[in-house]
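One structure is given here, and the rest of the page talks about it.
Note that the coordinates shown come from a computational prediction; the quantities given were computed from them, not determined experimentally.
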Amino acid sequence: MQQKENVMQKERHEEKHFLASDLIRDIVIGMADGLTVPFALAAGLSGTISNTSLVVIAGVAEISAGSIAMGLGGYLAARTDREHYLSELERERREIVELPEREREEVADILREWNLPEPTVTAVVKAISEDSEVWVNFMMKHELGLEEPEPKRARNSSLTIGLSYIVGGIIPLSPYIFIQKPQSALIVSVFVTLIALFIFGFIKGKFTGSKPIKSAWQTTFVGGVAAGFAFLIAKLIS
């Protein structure tokens, strides 16, 4: 009975943490741009041509170039994060050897911010500084606020952003593939894009732990405003 009660307590107090924030962030970046930029291009061209074939060709070219550019940007950003982390890691390793007393005092300052009593601070500083790897990891996390990036993060980020951009871009462009009249295709594209933004926002809310309906409306509003401004700019220069 006691064992069963302990299991039930453990289940009640089990915390569920979202561990794929980087993945969701990359999908959001790719999908958001994919839904708005090709839509703006297609919408801007809709009033200047008599059929949708040119819109489809231009849209496919933009999606191809945009996905490569976005993927490359994600790759370079992730590589920069990892290089920054490794640079700071090397600096911390050097400092605990060359300036151990200063580094111990920095550990103590961090612990004092947690309102630990001074005897505990002294004991913890001694324990941490006896293991160089623990010491360095403590400083990286609590002094610099840095977590080690996933080694494959750059590759995964570039692929996720690029593919998300393609998926997002196909959605507003798809009506122009099946409808020959540009104005009719534009109307359908607007509705399809807004629905896609709503669904995307709802799913994003489910994964990130926020309220799905609120996330859906926010994503639809922000994405719709962004697409609207992009459309106006495209119309002005077309």
Checklist entry - Checking Ser158 side chain against Arg155 main chain: does a donor-acceptor pair fall under 3.5 Å? => result yes
Item to check | Within one Ile-Leu-Val-Met-Phe-Trp-Tyr cluster: Ile179 and Ile57, side-chain cutoff 4.5 Å | outcome: no
Next on the checklist: According to a hydrophobic-cluster definition based on side-chain heavy atoms being under 4.5 Å apart (Ile, Leu, Val, Met, Phe, Trp, Tyr only), do Val222 and Phe191 belong together?
Outcome noted: no
Checklist entry - Is it true that Glu105 and Arg112 have a side-chain N and a carboxylate O under 4.0 angstrom from each other? => result yes
Next on the checklist: Between Thr220 and Phe198 (side chain of the first, backbone of the second, donor and acceptor by atom type, cut-off under 3.5 Å), is there such a pair?
Outcome noted: yes
Checklist entry - Are the side chain of Ser189 and the backbone of Ala185 linked by a donor-acceptor contact shorter than 3.5 Å? => result no
Item to check | Ion pair check, Lys141 and Glu148, cut-off under 4.0 Å | outcome: no
Item to check | Derivation and outcome, side-chain contact (heavy atoms from CB on, under 4.5 Å), residues Val121 and Trp114 | outcome: CA-CA 10 Å; Val121 170; Trp114 300 349; over 6 Å; no
Checklist entry - Under 4.5 Å between side-chain heavy atoms, hopping through other hydrophobics if needed: is there a path connecting Ile68 to Met70? => result no
Next on the checklist: Show, in sequence, the C-alpha distance, side-chain angles and deciding distance for Val55 and Leu173, and conclude whether the side-chain contact (heavy atoms from CB on, under 4.5 Å) test is met.
Outcome noted: CA-CA 8 Å; Val55 176; Leu173 187 65; 4.3 Å; yes
Checklist entry - With side chains defined as the heavy atoms from C-beta onward, is the minimum distance between Tyr75 and Ile161 less than 4.5 Å? => result no
Item to check | Side-chain (Ser164) to main-chain (Thr160) donor-acceptor, under 3.5 angstrom | outcome: yes
Item to check | Whether Ser129 side chain and Val125 backbone form a donor-acceptor pair below 3.5 Å | outcome: yes
Item to check | Ionic contact status for Arg153 with Asp26, cut-off 4.0 Å | outcome: yes
